[in-house]
Amino acid sequence: MTDIASPLPAGELPAGYDPAVIERKWQARWVAEGTNTPDLANGANPYYALMMFPYPSAEGLHVGNLFAFTGNDIYGRFHRLQGHTVFEPFGFDAFGIHSENFAIKVGVHPSELIPRNIDNFRRQVQRTGLMVDWTHELSTTDPSYYKWTQWVFLQLYKQGLAYKKKAAVNWCPFDKTVLANEQVVGGACERCGTMVEQRFLEQWFFRITDYAGRLLANLDHLDWADTTKTAQRNWIGKSEGAEILFVVQDLMEFAGSATAEAGMSGEVAVTNTEIRVFTTRPDTIYGATYLVLSPEHPLVGAVTTDDQRDDVEAYVATAAKQDLVTRKTSREKTGVFSGGYATNPATGEPVPVWIADYVLMEYGTGAIMAVPGHDERDHEFAKKYDLPIVAVVAPASGALVDVQAEAFTESDGCRLINSGRFNGLTVDEAKSAIVTELSVRHAAVPVVNYRLHDWCISRQRYWGPPIPIVYCDACGTVPVPEDQLPVLLPVLEDFRPDDSGVSPLARAEEWYHTTCPQCGAKARRETDVSDTFLDSSWYFLRYPSTGFNDIPFDPAITRKWLPVTSYIGGNEHAVLHLLYARFVTMVLRDAGLIDFEEPFTRFRAHGMIVREGAKMSKSKGNVVNPDEYIEEWGADAFRTYLMFLGPYEEGGDFRDKGISGVKRFLDRLWRSVHDARSDGEPDAAVKRKLHQTIKKVGEDIPKLSYNTAVAAMMEYMNTMRSGERTPHVDEVRPLVQLVSPFAPHIAEELWSVLGNTKGVFDSGWPTYEHALTVEDHVTMAVQVGGKTRGTITVAKGVTQEQAMAAAMAEPGIAKFVTGEPKKVIFVPGRMLNIVV
RNA sequence: GCGAGAGUGGCGAAACUGGCAGACGCACCAGACUUAGGAUCUGGCGCCGCAAGGCAUAGGGGUUCGAGUCCCCUCUCUCGCACCA
């Protein structure tokens, strides 16, 4: 804890600027006058300044939240000053496992807990003076909101984009419950430490993979931070390759089981067991010395010989017991030989078929051709099990590489060797040549794969919107009709997950047993709730339309306000949230419900705040409590300090003492306005600095370069007050406007002190005259042989000769110039370099 | 391992398309005004050196009249993904 919280004794408060008083005053006035409530229907020049809505935790607002919100608020206020109608809404992402777990821990029902947390958050946010339109507040837990979340589900269902399939979940055999991935630590249950297993449950998925290509392609045209775009590209993970059939030799008595996989190539008569593999390197097929099937692959049984059957079954059983996390993170490769062989279609040689869990059933075809000479994973496996390693690609130089020691994975400019008639082709040439060659007899086809998986939205939990589906014995899966929404989340006193393996909602008897909307017969409700990411995938559509109860979003308002003009949030959501929101928006657009397919025109991610160089955490006890700082220094100083810490997109280091510098700046601003003289003229040099500052701040804010904008205003303050001079009122007035996005309360107060009756945020942004930003004299650096030896102050626009003369007149410079200069480099207005 | 980003004074940080490195602020030092000071104001403040000057942007090389900025290599840190064939 810090000692700065000790208050001043009463009676010693500095006279004048008292943040507590004026902040309360202006916050009340903004509410009373509706200052922050724009006319959404008629406002000119709409500007939708959106920030990611928070999860309302019990601890209250984190300083990181405030850093994010303030950055967005400055942006919004700045655009308002530029003449836009700015809509800055606020809401709460209050469903989800986080709330539920906390509720379980403290033994209070989330429906009671969440409104309390929301009230606390709202109070804290209001104290910081954000330009939020509270008349459009929303919470994802409100039935009037999640009614439409369920509606979004139904739109996807109608489009055939929602489907059910069995999928693995983490299962704790001790607690007998489903665990979310974040509850699994090192393969064990975070609560009891028992090793987690995987279980297969029927779950709802969205076909986001159908949109992978569009989600990827659109990134090229979005005004988003490059790091975010790269993260999305990597996540979507496009990879181009080919699928190729390998025929299993020496078929035994179960030949019939294989035909199911046929069908891709119409021309091939499939009579034997065939394994379809996916590879991005068809050029290396001559080096494919074995095949690997994932343990879950349907052909595992078909390729296994009787003598290997016990080993294979044991291996598959072990793999099935492993939890999802361990399976995907352990690097030690294991596998078992099936006993079967397939024919390498290029070499005609038999290659053994192995079963190994380093091949994932979810990706590609669940089977690979292993090329240990040119793939690190295959190499590691081949070494461990003593499988042959062959080099089939050589570097451009033609040098021989020792693939026995290490896989050679480069491909740029490399050429094929040991590959029959394909020898000498480049990797790129060989890729298409080999696929073409194998297309007829081995059904080779070019295939694009994405590592993006379909989005599993089922959660076997309580605290979320019920998925609006009913199961009827006669009609099967029936969507709840839209006019029967919302499917209300029943109040369950005991909402803990149990050992049934299904959601706690199954225990809400009256709710669970219902009638079929189609035939009226007895039916059961879906008991899973949906993922929180579904709640947040469309909230930006709801904000402007929160007043409409019968529709999710009003067409006219939506046309006017969307897509979102500017979105600011944390990089931790760079992938999932932003991708899901883009996906849902595309689906709604394809359904003809909206007329744009990208929700966020511009996105920027803010950085992270650390404290005294260390990450903030509850256990370290170093978390900044915004209430304490606002109490002590005022919201204006706190906001401005947060913005001054460092570059907004990189974050900054919160140092307890640092805020005093910003507070001093605001104190001086206060005094400057109160003491300003109105007689006489503003000083010419100050005026020039003013115009430079207006230019700089106006350029920095759109770049989110808030720290340098604040620095520029401080510089101006220093110029204006240097030598204890009393500033002229014309010198101070524009500064109040420049400061207003950062410190809105003091700006409003001082603006009214200056005699204005309209609020500062409707006063417009000060303009600058270009001519006044330019200095008439410039200080140029003079280098001799590249080393700076001094400066000269000359009139702007001097010639090289004049600059030379001025430089040689300086003894400190001239003494370094020995003899005739060999060369002179002159950059007008910047520097002069005399090379001797 | 792969991907992204970053390394500049005691500290947080500035530096436009290569052109005076350290703006602005914290801390610190000296001074003014003070009964007093987390008040205000003035001046100083990268390192070495009395100075002239030299050395400095993680380390090493390179391109250039000139490099924090561009190129190559090495090291360190942060974040994300984790066997995606």
Side-chain angles (χ1 to χ4, degrees), chain A residues 3-4 6 8 12 14-15 226-228 230-231 233-235 237 239 241 277-281 284 292 325 327-333 356-360 362-371 374-378 380-381 449-453 571-572 574-575 607-608 610 612-613 615 641 644-647 649-665 667-668 671 699 705 707-715 717-718 721-724 779-791 821-827 829-836:
Chain A
D3 59 359
I4 51 166
S6 57
L8 281 170
E12 289 193 21
D226 283 331
T227 52
T228 313
T230 306
R233 284 194 189 102
N234 291 343
W235 188 261
S239 77
V277 304
F278 173 72
T279 177
T280 54
R281 295 291 304 273
T284 61
V292 187
V325 180
R327 164 82 181 267
K328 291 199 169 181
T329 52
S330 78
R331 297 201 62 80
E332 178 67 20
K333 288 190 177 39
D357 68 3
Y358 80 93
V359 173
L360 308 175
E362 314 92 80
Y363 188 76
T365 59
I368 62 156
M369 62 176 216
V371 185
H374 303 283
D375 181 280
E376 279 163 22
R377 294 152 303 185
D378 297 342
E380 187 190 330
F381 192 80
N449 261 317
Y450 296 95
R451 50 182 298 177
L452 180 68
H453 294 354
N571 235 336
E572 68 273 18
V575 174
M608 259 203 2
V610 298
E612 306 287 342
K615 213 172 186 168
Y641 178 51
F644 185 58
L645 285 178
E649 290 175 88
E650 284 166 39
D653 190 355
F654 191 97
R655 307 219 150 225
D656 294 340
K657 289 184 171 164
I659 193 170
S660 60
V662 167
K663 179 62 173 17
R664 251 194 288 273
F665 167 70
D667 284 337
R668 294 163 117 207
R671 272 182 270 129
E699 286 168 356
S705 189
N707 55 333
T708 55
V710 175
M713 291 187 281
M714 287 174 164
E715 257 188 85
M717 177 73 77
N718 293 343
R721 294 177 64 88
S722 74
E724 295 189 69
T779 303
M780 288 175 58
V782 180
Q783 299 181 342
V784 180
K787 277 187 191 293
T788 303
R789 294 300 183 181
T791 58
K822 279 191 199 129
K823 191 175 172 187
V824 175
I825 289 132
F826 178 65
V827 183
R830 288 197 184 279
M831 54 77 63
L832 179 73
N833 189 3
I834 303 160
V835 186
V836 288

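Residue numbering restarts at 1 for every chain, and letters A, B, ... go by the order of the sequence lines.
For B/rC81, the base has no donor-acceptor partner in the side chain of A/Arg451 [N/O atoms by modelled type, under 3.5 angstrom]. Side-chain to base pairing of A/Lys333 with B/rC83: one donor and one acceptor N or O lie within less than 3.5 Å of each other.
One atom, CD of A/Glu362, and another, C1' of B/rA85, lie 13 Å apart when rounded to the nearest Å. The NZ-C1' distance, from A/Lys663 to B/rU40, rounds to 13 Å in whole Å. If you take CG of A/Leu360 and C1' of B/rA82, they are 11 Å apart, rounded to a whole angstrom. The distance from atom CG of A/Asn571 to atom P of B/rG80 is 10 Å, rounded to the nearest whole Å.
In this structure, B/rC77 and B/rG5 make a Watson-Crick or G-U wobble pair, each of the two defining distances being under 3.5 angstrom. Base-pair partner of B/rG12: B/rC24 (Watson-Crick or G-U wobble, both distances under 3.5 Å). With a cut-off of 3.5 Å on both pairing distances, B/rA56 has no Watson-Crick or G-U wobble partner at all.
Distance from the side chain of A/Arg830 is smallest for B/rC16 among the nucleotides B/rC16, B/rA85, B/rC65. The listed nucleotides are B/rA14, B/rG54, B/rC83; the one nearest the side chain of A/Tyr358 is B/rC83. Side-chain atoms of A/Met714 lie closest to B/rC24 of the nucleotides B/rC24, B/rA85, B/rC20. Comparing atom distances between the A/Pro647 side chain and each of B/rA4, B/rG66, B/rA13 picks out B/rA13 as nearest. Among the nucleotides B/rG19, B/rG3, B/rA14, the one closest to the side chain of A/Asn707 is B/rA14. Side chain of A/Asp667, nearest nucleotide from B/rG5, B/rU40, B/rA14: B/rU40. Residue A/Asn833 places its side chain closer to B/rC65 than to any other of B/rG53, B/rC20, B/rC65. Among B/rU40, B/rC24, B/rC65, the nucleotide with an atom closest to any side-chain atom of A/Ala711 is B/rC24.
Comparing A/Ser239 and A/Val662 by the nucleotide of RNA chain B whose heavy atom lies nearest to each, the residue mapping closer to the 5' end is A/Val662. Position along RNA chain B of the nearest nucleotide to A/Tyr450 versus A/Arg655 favours A/Arg655 as the more 5'-ward residue.
Counting non-hydrogen atoms of other residues, nucleotides and ligands closer than 6.0 Å to CD of A/Glu376 gives a total of 12 or fewer.
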Would you tabulate the pairs of protein nitrogen or oxygen atoms and nucleotide nitrogen or oxygen atoms of nucleotides 41-46 of chain B closer than 3.5 angstrom?
unit_1: B/rC41; atom_1: OP1; unit_2: A/Arg668; atom_2: NE; d: 3.1
unit_1: B/rC41; atom_1: O2'; unit_2: A/Glu724; atom_2: OE2; d: 2.7

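Within the 4.0 Å cut-off from OP1 or OP2 of B/rA21, at least one side-chain nitrogen or oxygen of A/Thr788 is found. The phosphate of B/rG80 (OP1 or OP2) has no side-chain N or O of A/Arg233 nearer than 4.0 angstrom. For B/rC79, one of the phosphate oxygens OP1 or OP2 lies less than 4.0 angstrom from a side-chain nitrogen or oxygen of A/Lys615.
In this structure, A/Tyr363 and A/Phe278 have perpendicular ring planes: the angle between them is above 60°, well past the 30° mark.
Distance noted for atom C1' between B/rA58 and B/rA52: 31 Å (whole Å). On the C1' atoms, B/rG19 is 42 Å away from B/rG1, given to the nearest whole Å.
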